[in-house]
Protein chains: 2
Amino acid sequence: MVDIIGQIAGMPLFAGLSKAQYEALARICVRRSFRKGERLFTEGDEGTGFYMVVTGRVKIFKVSVEGKEQILHLFGPGESFGEVSVFTGQGFPADAVTAVQTALLFFPRLAFVALIQKDPTLALNMLAQLSGRLRHFAGLIEDLSLKEVPGRLAKYLLYLSDRKGDGEVALDVSKGQLASLLGTIPETLSRILARMNRRGLIRLRGAQIQLLDRAGIEQIALEGKMLS
Amino acid sequence: MVDIIGQIAGMPLFAGLSKAQYEALARICVRRSFRKGERLFTEGDEGTGFYMVVTGRVKIFKVSVEGKEQILHLFGPGESFGEVSVFTGQGFPADAVTAVQTALLFFPRLAFVALIQKDPTLALNMLAQLSGRLRHFAGLIEDLSLKEVPGRLAKYLLYLSDRKGDGEVALDVSKGQLASLLGTIPETLSRILARMNRRGLIRLRGAQIQLLDRAGIEQIALEGKMLS
DNA sequence: CAATCTCTTTGACTTATGTCAAAGCGCTTT
DNA sequence: AAAGCGCTTTGACATAAGTCAAAGAGATTG
């Protein structure tokens, strides 16, 4: 119980709340652990609450009839997911699976809504949370519709690089999963990485990628394509 | 003033509020009219509030460096937009332009946040609103990534048909705009409509489209492609 | 340490969709 | 009705990206 409060206190969604609120949140939530690859829910399932990642990683994705998948979001520690069906009352809009061994807090719908009704700060935090997610989705739509795969890849490499600081980047997902994240397939991703490598934009060593020509990569990200 | 209250009362975002709340909302908002094609804001602009459509139509979209546009959403009467930057404090994530002559209500950020803090119902309505928008975006991402243009078009035709009831559908946007909505260009859309016409799936007469083979169209929407 | 299994890469090929250019069509304006 | 204008359609072509198949690389396990 006390350690759950500790976990909750650090989350952006719960920033600025009173001690009493932390306790109330800790009282309504349930901690659950999952092995890698476990399914949390499937599109259409009735949503009885939402989740927050304590440790690990959760993949939210859509699947086509042929089995191709598009990752909508990868959520890590401190991030929450599954709120949409809490507030609309409809089923989940996508599938969720753990990408690695994962610990989650589950917040039941009705109890959480009751808390929100009593605490405007919590409500505003949640509104900020969903707004951020909308911004992210708008970016994904832009990328899928207006950029080619090299452009999306370049943007992702720069994103990784910005998180780390230096010019050496370690992919935080398998290349297959990265393909799903970028809206393509492994073969295509592989070819484009090879092309960037040949042109001296990057130096490929497995999951380690060195950004050799940052300006060139930035241009590809901006223009959305790699001039042939 | 009184007529603004009347307009507000009917909006889903404001459902279930007290008379006093309607009056407070009416007090903080400003009504503004725009001619067709006027720009309301541009991506990156600081958001000082959000808008609600009274009459007319607003197009929210992204543009690529080459000038191709992807429509994120078309908002009509009773729908609101621009909330994202209200709750994150960052700039608008996309561009907004009126698609026709349009009347809007503008709600200033700080005044509205103050109201939300006092009224949990308003907060929950807004959460439902944003959640619905996330669901819509998830669907758009799915379509762009996992369906081909015929699949997206079929889905849109069925959507129009479901709104109307019968098998005769009138496009509510120009074909050029429909292309932007579906993530393609006018030439491609034109070809695919012609192909569906040739195959007896639809009967094309300008902006009037008759759905002749609903089952066939549903299959294309589901599979995401038109088997050649 | 070999065997196996999965993930990744490469090659040859197909195809959906974009590009560019021109023609067609409908609508408004004079 | 003629003229002009924007939107739509069609054609010829280019190309990004998917499919299928096989080889290669890396990791895991017995």
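What you are looking at is a predicted structure, and each value in this text was computed from that prediction instead of being measured. Below, read A as the first sequence line, B as the second, and so on, with proteins coming before strands; counting in each chain starts at 1. For the numbers below, each heavy atom of this structure counts, side chains included, while hydrogens, waters and symmetry mates do not.
The side chain of B:Ser190 approaches D:dT9 more closely than any other nucleotide in the set D:dT9, C:dT9, D:dA17. Taking every side-chain heavy atom of B:Pro150 into account, C:dT17 is the closest of D:dA17, C:dT19, C:dT17. For B:Glu187, counting side-chain heavy atoms from C-beta on, the closest listed nucleotide (C:dC20, D:dA17, D:dT8) is C:dC20. For A:Glu148, whose side chain is taken as the heavy atoms from C-beta onward, the closest listed nucleotide among D:dT9, D:dA16, C:dT10 is D:dA16.
Map B:Leu189 and A:Val149 each onto its nearest nucleotide of DNA chain D; the residue landing nearer the 5' end is B:Leu189. For the pair B:Met226 and A:Gln177, both in contact range of DNA chain C, the more 5′-proximal nearest nucleotide belongs to A:Gln177.
Backbone-only engagement by B:Gly183 is indicated by non-hydrogen atom pairs under 4.0 Å involving sugar-phosphate atoms exclusively.
Taking CZ of B:Arg133 as the reference point, atom NE2 of B:His136 lies at 9.5 Å (rounded to 0.5 Å). To the nearest 0.5 angstrom, B:Glu66 atom CD is 8.5 Å from A:Leu146 atom CG.
A:Leu193 has its CG atom 17 Å from the P atom of C:dC7, to the nearest Å. Whole-Å rounding puts the B:Leu182 CG to D:dT8 P distance at 13 Å. Taking atom CZ of residue A:Arg198 and atom C1' of nucleotide C:dT10, one finds them 10 Å apart after rounding to whole Å. One atom, CD1 of A:Ile209, and another, P of C:dT9, lie 9 Å apart when rounded to the nearest Å. For the pair A:Lys147 NZ and C:dG18 P, the interatomic distance rounds to 16 Å; values are reported in whole Å. Rounded to whole Å, the distance from NZ on B:Lys225 to C1' on D:dA17 is 13 Å. Look at CG on B:Asn197: it is 14 Å from C1' on D:dT8, rounded to the nearest Å. If you take CD1 of B:Ile192 and P of C:dT15, they are 16 Å apart, rounded to a whole angstrom.
Remark: the A:Arg191 side chain and the D:dG18 base include no donor-acceptor N/O pair separated by less than 3.5 Å.
In terms of the ring-ring contact (aromatic ring centres under 6.0 Å, His included) criterion, residue partners of B:Phe81 (sequence neighbours excluded) are, by chain and number, B:Tyr51, B:Phe75.
For B:Glu46, the CD atom counts as loosely surrounded, since its 6.0 Å shell holds 12 or fewer non-hydrogen atoms of other residues, nucleotides or ligands. Within a 6.0 Å sphere centred on CD of B:Gln101, heavy atoms belonging to other residues, nucleotides or ligands number 12 at most.
Between D:dA17 and A:Thr188, no contact under 4.0 Å exists linking OP1 or OP2 to a side-chain N or O. Between B:Lys175 and D:dT9, a side-chain N or O to OP1/OP2 separation shorter than 4.0 Å is present.
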